[in-house]
Amino acid sequence: DQQVKQNSPSLSVQEGRISILNCDYTNSMFDYFLWYKKYPAEGPTFLISISSIKDKNEDGRFTVFLNKSAKHLSLHIVPSQPGDSAVYFCAASWQTGANNLFFGTGTRLTVIP
Amino acid sequence: SAVISQKPSRDICQRGTSLTIQCQVDSQVTMMFWYRQQPGQSLTLIATANQGSEATYESGFVIDKFPISRPNLTFSTLTVSNMSPEDSSIYLCSVGTNYEQYFGPGTRLTVT
């Protein structure tokens, strides 16, 4: 049973435009959410996180939005750059912090120059 | 952040054999984890590697199949025992802080 879902396996965006990656979860006990980026032959790299007490967290070009009532979060990348092309995973935890993460299946983002 | 290395980076093994994967961290950490990513799937937590005690396994994973050692705060091993083609996956170790987990580069295992 997949508790964290990324329903779009792939996304293509023009350079300079906004990339929006979506993630849904089913377990209402989750209270901490993270986004990771993964290049081929490398491990996932932490990008940004958000606690359930917030609905937005911003770090440079990356912003994560959390809608608890809808059990939905999204990652916005503005402006998108070709180097952002990678697979993006969202992850959730029911412990405050990052232990025992449940991952989505990933979305492959391609930024077209 | 932490710098994490894994050995081997990849291997091709015959069914019925075992492979031990090593994970080395450049600093002492309390929390270490082992994940599996099967082809086309998400990352799934296998177990939490506890220093000085037995690992804590997630549902669906057992110690006989995936024995784990954690002799100190910078090193852990995961053994994939009696391998079958279904064990072909990327195996990743990670270390946890209060707010993030940092991942190693992974070990790509192919079982023939």
Side-chain angles (χ1 to χ4, degrees), chain A residues 1-10 21-27 30-54 57 59 62 64 66 86-108, chain B residues 1-11 21-26 29-50 55-61 76 78 89-110:
Chain A
D1 179 31
Q2 192 73 26
Q3 298 188 59
V4 179
K5 299 176 184 179
Q6 294 175 256
N7 292 318
S8 298
S10 63
L21 297 99
N22 293 306
C23 179
D24 298 290
Y25 60 95
T26 58
N27 192 334
F30 288 144
D31 64 0
Y32 192 71
F33 304 89
L34 307 89
W35 283 94
Y36 284 85
K37 178 170 71 174
K38 187 179 185 302
Y39 293 117
E42 295 183 12
T45 303
F46 170 75
L47 271 177
I48 192 169
S49 62
I50 188 167
S51 165
S52 60
I53 63 173
K54 294 185 174 182
N57 189 27
D59 184 2
F62 301 92
V64 56
L66 176 62
V87 178
Y88 289 77
F89 291 94
C90 68
S93 171
W94 59 51
Q95 301 162 298
T96 301
N99 299 323
N100 197 2
L101 296 178
F102 292 81
F103 281 84
T105 50
T107 297
R108 181 178 301 278
Chain B
S1 66
V3 177
I4 305 166
S5 60
Q6 284 185 235
K7 289 181 182 179
S9 58
R10 59 176 60 226
D11 208 342
I21 302 167
Q22 299 179 6
C23 178
Q24 180 75 53
V25 188
D26 68 343
V29 293
T30 304
M31 309 296 293
M32 289 184 77
F33 307 91
W34 286 97
Y35 286 83
R36 179 176 74 180
Q37 185 183 16
Q38 294 178 300
Q41 306 291 316
S42 61
L43 283 75
T44 303
L45 180 65
I46 297 172
T48 302
N50 302 308
T56 304
Y57 289 85
E58 298 300 311
S59 175
F61 298 95
S76 178
L78 168 76
S89 297
I90 299 173
Y91 292 85
L92 302 110
C93 70
S94 73
V95 301
T97 67
N98 283 337
Y99 300 104
E100 298 98 25
Q101 278 190 29
Y102 299 96
F103 285 83
T107 295
R108 183 179 293 273
L109 171 61
T110 302

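Residue numbering restarts at 1 for every chain, and letters A, B, ... go by the order of the sequence lines.
- Going from atom CD of B:Q37 over to atom OG1 of A:T105 covers 10.0 Å, rounded to the nearest 0.5 Å.
- In this structure, the ring of B:F103 has its center no less than 6.0 angstrom from the ring center of A:F46.
- Residue B:L92 touches chain A through its side chain alone, counting heavy-atom pairs closer than 4.5 Å.
- No donor-acceptor pair closer than 3.5 Å links the side chain of A:Y36 to the backbone N or O of B:Y102.
- Note that CD of B:E100 is 11.0 Å distant from CD1 of A:I48, once rounded to the nearest 0.5 Å.
- The distance from the CD atom of B:E58 to the CG atom of A:N100 is 4.5 Å, given to the nearest 0.5 Å.
- Looking at B:Q6, neither its backbone nor its side chain comes within 4.5 Å of chain A, counting heavy atoms on both sides.
- If you run side chain to side chain contact (heavy atoms under 4.5 Å, CB included) between A:F103 and each of B:L45, B:T44, B:L43, only B:L43 comes through.
- Residue A:Q6: no heavy atom, backbone or side chain, is found under 4.5 Å from chain B.
- For the atom pair OG (A:S93) and CD (B:Q101), the distance works out to 8.0 Å, reported to the nearest 0.5 Å.
- Side chains of A:L101 and B:Y35 form a contact here, defined as non-hydrogen atoms less than 4.5 Å apart.
- Looking at A:A41, the atoms closer than 4.5 Å to chain B (heavy atoms on both sides) all sit in the backbone: N, CA, C or O.
- When all heavy atoms of B:S42 and A:G104 are compared, the closest pair comes out as CB-O, 2.8 Å.
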